[in-house]
Every structure is written in structure tokens, then in C-alpha cells.
Amino acid sequence: MASEKVYRASTTAPVNIAVVKYWGKRDTKLNLPTNSSLSVTLSQADLRTLTTASCSASYPEGDSLLLNGEPSDVSGARPQACFRELRARRAALEAADPSLPKLSTMPLRIVSENNFPTAAGLASSAAGFAAFVRAIANLYELPASPAELSLIARQGSGSACRSLFGGYVAWRMGSAADGSDSMADQVAEASHWPEMRALILVASAAKKGVSSTSGMQQTVATSGLFQERIKSVVPRNMEIMEKAIAERDFERFAEVTMRDSNSFHATCADTYPPIFYMNDVSRAAIRAVEAINAAAGRTVAAYTFDAGPNAVIYYLEKDTEAVVGSLYSVLSHVDGWKSGAVEGLKANVSFDESVAGLLKNGVSRVIMTSVGEGPVATEEYLVAEDGTPVKSSSS
């Protein structure tokens with residue numbers, strides 16, 4: 001009779017928002033990118049995935065994933081690649097030490113919850129696959145470093161490799177055909193530049209019309225601008241951005257962030273047929289940032305947009321009034337503001353009527369956050385000791 005023992009491990013993992021974007025694959029099977037990228041890891045106090053990985057000989061055959069209370073298919077190539085790599089590493093440990101329980105042979109039950117909308121352009125797959133890989137690695141007690149695990153997470157979701165680190169993180173595209181050098185590394189810890197803040201304007205929490213995976217392949221195949229982006233624009237932006245972070249130079253950081261976002265969305269528009277992830281509310285957010293910077297007489301805010309309409313606005317803590325105060329003046333009616341962070345703030349700018357109107361009617365909520373740490377092991381479990389799924393205490 002199979003042992004009833006249930007083995008389990010839990011972790012949280014963060015969202016990361018790229019300031020130099022990943023877009024395009026040179027190998028779709030291995031999820032190898034056409035260019036390097038760089039991101040800021042955001043605080044898990046505000047955006048995180050909580051995942052429990054468990055296994056037991058008593059589980060029914062086959063691996064399973066429950067995501068936000070709903071069964072999710074794990075038969076696809078991406079989750080299977082992660083399962084295969086992690087099991088192989090555990091099997092090697094078991095072969096070296098026969099006294100270890102044979103966890104690699106047991107079915108896995110993964111239960112995961114996000115505290116933010118899934119598939120809405122908020123990097124849910126990055127946090128999700130980072131938590132997925134880190135939780136199983138913890139369950140299997142693998143001695144792998146975050147960089148090694150990033151090689152596995154990358155095969156689930158490219159940008160997930162960056163969510164295995166906190167702070168400021170680069171994903172090096174690599175050149176090896178087998179992807180063995182396409183991994184993430186930490187450019188700087190969160191503590192190097194802790195004053196970094198981010199305000200996310202959620203323009204739409206709906207699932208996006210064109211997925212990142214299909215969108216980027218259309219761009220690679222049809223955009224002429226894209227070739228210039230990967231050959232010249234991104235390598236230059238990576239170099240400037242790493243220097244800006246090292247020197248804590250916000251104006252340089254901001255310019256590269258905005259230019260790179262513009263470049264990425266220009267290649268989407270240059271795709272045939274064109275792809276539009278941004279909408280009128282997104283463009284109003286850009287105009288609002290430009291007005292805030294003009295009123296301040298210097299660059300105090302930087303917008304960036306991933307494959308979705310939500311604006312992520314980076315700023316430094318010392319410029320909270322100039323940035324947050326101005327946006328709060330037109331968005332005070334939406335949810336998400338932290339009361340202690342907005343009390344007494346004054347608007348430094350009066351927005352154009354059309355910009356203010358679009359923001360008022362088009363932003364459904366805001367998320368106030370900051371630079372944060374990488375995955376953290378936790379004693380909060382989404383799988384009970386008997387193997388049954390349970391809800392998060394914070395859900």
C-alpha cells in the first residue's frame with residue numbers, strides 16, 4: 001500500500017516589470033530570447049504569487065495545478081519542461097543518497113494563488129513560473145542557485161527567470177544553442193537603490209487579446225523595425241541602464257525606460273498585421289507623465305508598458321508629491337491608494353482636460369509599490385497535511 005505521507009513546500013515569488021523589454025524568441029522550444037532584458041523586481045507586499053508544491057505516493061496518477069481555485073492544464077510543453085528538469089535533479093540526489101525518499105517518482109500537486117489579476121499584462125506568468133519552480137526546488141531540497149533555477153523557469157515563461165532574484169535583474173540572452181547560458185543575474189540588490197517606487201495604473205484587468213507568445217512571434221516574422229531593435233537599440237539600452245542603476249542616476253534610468261517602452265510598442269505597431277497593446281488610457285498616462293516632468297522642470301517620472309494597457313510609472317520616494325500627488329488629484333476615486341502615502345499630497349500640475357477625462361474614466365485601480373526582494377520560503381501552505389487544497393489566509 002502506498003504511503004499516505006504528503007511532502008510539501010511553499011514559496012512566494014514577485015512580479016518584475018522590465019525597463020529594457022524582452023520581446024522575440026530565437027528558439028521557441030527552449031524559450032531563448034532574441035535580446036537581453038533588464039527589470040525591477042517589485043515588492044511582494046503588493047504583488048506576489050503564493051505557491052505550494054506537494055507530492056505523495058497516495059496522490060492519483062499525473063501532476064496537477066490549481067491556479068486561483070481553478071484547475072490549470074499542465075500537459076503543455078512549458079510546464080512539462082520544468083517538471084522534467086526538476087525531477088531529473090531530484091533523481092540525481094536520490095541516486096547519490098539511497099536513504100532519501102523517492103520524491104522524484106511521486107505525482108506533484110501544485111496549488112497557486114495570485115493577489116493580482118492573471119493574464120492582464122501584470123507579469124502574472126513571470127511570478128507564477130518563478131514560484132512554481134522555486135516551490136518544487138524547495139520541496140525536492142535541490143542545492144541549485146537562483147541562477148541555475150532561472151534556466152528552468154525560463155523554459156516555463158521567459159521573464160520568470162528574472163523573478164528568481166530581487167532588486168534589479170538582467171536576463172542575459174546568451175549564445176549557446178542549448179540555452180545553457182541564457183539565464184538571469186542580479187545587477188544590483190534592492191538595498192542598492194531602495195528609494196525606487198512604482199505606481200501601476202490598471203487600465204484593464206481583462207485578459208489581453210493577443211498573447212505575448214503569439215504576438216512576439218508575429219513581430220519577429222514581420223517587423224523590419226524589430227531587427228534594428230535587437231541589433232542596436234537594446235544592446236545600447238542595456239549598457240546605459242546598467243550604468244544608470246550602478247550610479248543611481250534616475251534621469252538616465254527614466255529616459256531609457258521610456259525610450260525602450262516606445263521602441264517595443266513601435267515594433268508591435270510595425271508587425272503585420274499590427275498589434276496594439278496600448279489604448280487611449282495608456283496614451284493619456286504618457287501625456288500625464290510628460291506634464292508631471294515638465295512641471296517639475298526635470299525628469300521625476302518614467303512610464304513603461306508591457307504587453308498590455310497598464311501603465312507602470314517609476315519614480316523616487318523623494319518625488320512622491322510631484323508624481324503621486326498629481327495623479328491622485330484625478331484618480332482619488334479609484335481603489336488601491338495607500339492612505340498613509342497620499343494624505344496631504346498636493347497636485348503639482350493641472351492636466352489637460354482630455355487627459356484627465358481619459359484617466360478618470362479608464363483607470364479601474366492603482367497599485368502603489370516599490371523595489372523588492374526575490375522568492376521567500378513560507379510556512380503558509382495551500383495544501384493541507386492530508387494533501388487537500390486550502391485557500392490562502394490572505395485571500
Would you kindly say whether [X] and [Y] are connected by a side-chain donor-acceptor distance under 3.5 Å?
{"X": "Trp23", "Y": "Thr267", "result": "no"}
{"X": "Ser56", "Y": "Ser58", "result": "yes"}
{"X": "Thr299", "Y": "Glu255", "result": "no"}
{"X": "Ser43", "Y": "Ser370", "result": "no"}
{"X": "Thr213", "Y": "Arg78", "result": "yes"}
{"X": "Thr320", "Y": "Arg197", "result": "no"}

Residue set satisfying side-chain hydrogen bond (donor to acceptor under 3.5 Å, both in side chains) with Thr304, at least two apart, ordered chain then number -> Lys21
Pairs satisfying ring-ring contact (aromatic ring centres under 6.0 Å, His included), at least one member in residues 42-100, at least two apart: Phe83-Phe132
Nearest heavy-atom pair of [X] and [Y]: which atoms, and what distance?
{"X": "Gly76", "Y": "Asp73", "answer": "N-OD2, 4.4 Å"}
{"X": "Thr388", "Y": "Arg109", "answer": "N-NH1, 4.3 Å"}
{"X": "Gln44", "Y": "Glu373", "answer": "NE2-O, 3.4 Å"}

Could you walk me through whether Tyr328 and Leu345 pass the side-chain contact (heavy atoms from CB on, under 4.5 Å) test, one step at a time? CA-CA 8 Å; Tyr328 181 68; Leu345 293 182; 5.5 Å; no
Taking only residues two or more places apart in sequence, or in another chain, which ones meet [X] in a side chain to side chain contact (heavy atoms under 4.5 Å, CB included)?
{"X": "Asn348", "value": "Glu321, Ala322, Ser326"}
{"X": "Ala347", "value": "Ser329"}
{"X": "Asp97", "value": "Ser99, Leu100"}

Connected-component partners of [X] among ILVMFWY, side-chain separation under 4.5 Å:
{"X": "Leu32", "value": "Leu30"}
{"X": "Tyr381", "value": "none"}
{"X": "Met183", "value": "Leu151"}
{"X": "Tyr272", "value": "none"}

Can any side-chain N or O of Ser163 pair as donor or acceptor with the backbone N or O of Pro14 at less than 3.5 Å?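 Checking the backbone N and O of Pro14 against the side chain of Ser163, a donor-acceptor pair under 3.5 Å is found.
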Checking Thr257 side chain against Phe253 main chain: does a donor-acceptor pair fall under 3.5 Å?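 Present.
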For side-chain contact (heavy atoms from CB on, under 4.5 Å), just list the numbers for Asp181 and Ser175, CA-CA rounded to whole Å, side-chain angles, deciding distance to a tenth of an Å, and then say yes or no. CA-CA 7 Å; Asp181 58 352; Ser175 57; 3.5 Å; yes
Crowded around Gln217 CD? As in, over 12 foreign heavy atoms under 6.0 Å? yes
More than 12 heavy atoms from other groups under 6.0 Å of CD on Glu141: no
Sequence neighbours excluded, every pair satisfying side-chain hydrogen bond (donor to acceptor under 3.5 Å, both in side chains) that has a member inside residues 224-247: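 Those involving residues 224-247 are Arg172-Glu242, Glu228-Ser232, Arg229-Asp260, Arg229-Ser263, Asn237-Asp260, Lys243-Glu247.
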To the nearest 0.5 Å, what is the distance between [atom1] on [X] and [atom2] on [Y]?
{"X": "Met196", "Y": "Tyr314", "atom1": "CE", "atom2": "OH", "result": "8.0 Å"}
{"X": "Leu149", "Y": "Glu85", "atom1": "CG", "atom2": "CD", "result": "10.5 Å"}
{"X": "Trp337", "Y": "Ser332", "atom1": "CH2", "atom2": "OG", "result": "8.5 Å"}
{"X": "Phe264", "Y": "Leu225", "atom1": "CZ", "atom2": "CG", "result": "13.0 Å"}

Under a 4.5 Å side-chain heavy-atom rule over Ile, Leu, Val, Met, Phe, Trp and Tyr, are [X] and [Y] clustered together?
{"X": "Ile313", "Y": "Ile367", "value": "no"}
{"X": "Val363", "Y": "Leu358", "value": "no"}
{"X": "Phe305", "Y": "Ile200", "value": "no"}

Please list every donor-acceptor pair under 3.5 Å in which a side-chain atom of residues 279-289 meets a protein atom from a residue at least two apart or in another chain.
unit_1	atom_1	unit_2	atom_2	d
Asn279	OD1	Val281	N	3.0
Asn279	OD1	Ser282	N	2.9
Asn279	OD1	Ser282	OG	3.0
Asp280	OD1	Arg283	NH2	3.0
Ser282	OG	Asn279	N	3.0
Ser282	OG	Pro309	O	2.8
Arg287	NH1	Glu290	OE1	2.7
Arg287	NH1	Glu290	OE2	3.2

With side-chain contact (heavy atoms from CB on, under 4.5 Å) as the criterion, how do Thr49 and Phe129 come out once you've worked through the C-alpha distance, each side chain's angles and the decisive distance to 0.1 Å? CA-CA 9 Å; Thr49 296; Phe129 268 104; over 6 Å; no
Using the test ring-ring contact (aromatic ring centres under 6.0 Å, His included), find all partners of Trp171 that sit at least two apart in sequence or belong to another chain.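 Counting only residues at least two positions away or on another chain, Trp171 forms a ring-ring contact (aromatic ring centres under 6.0 Å, His included) with Tyr22.
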One pair to check against side-chain contact (heavy atoms from CB on, under 4.5 Å): Thr41 and Arg162. What are the steps and the verdict? CA-CA 8 Å; Thr41 298; Arg162 298 189 308 249; over 6 Å; no
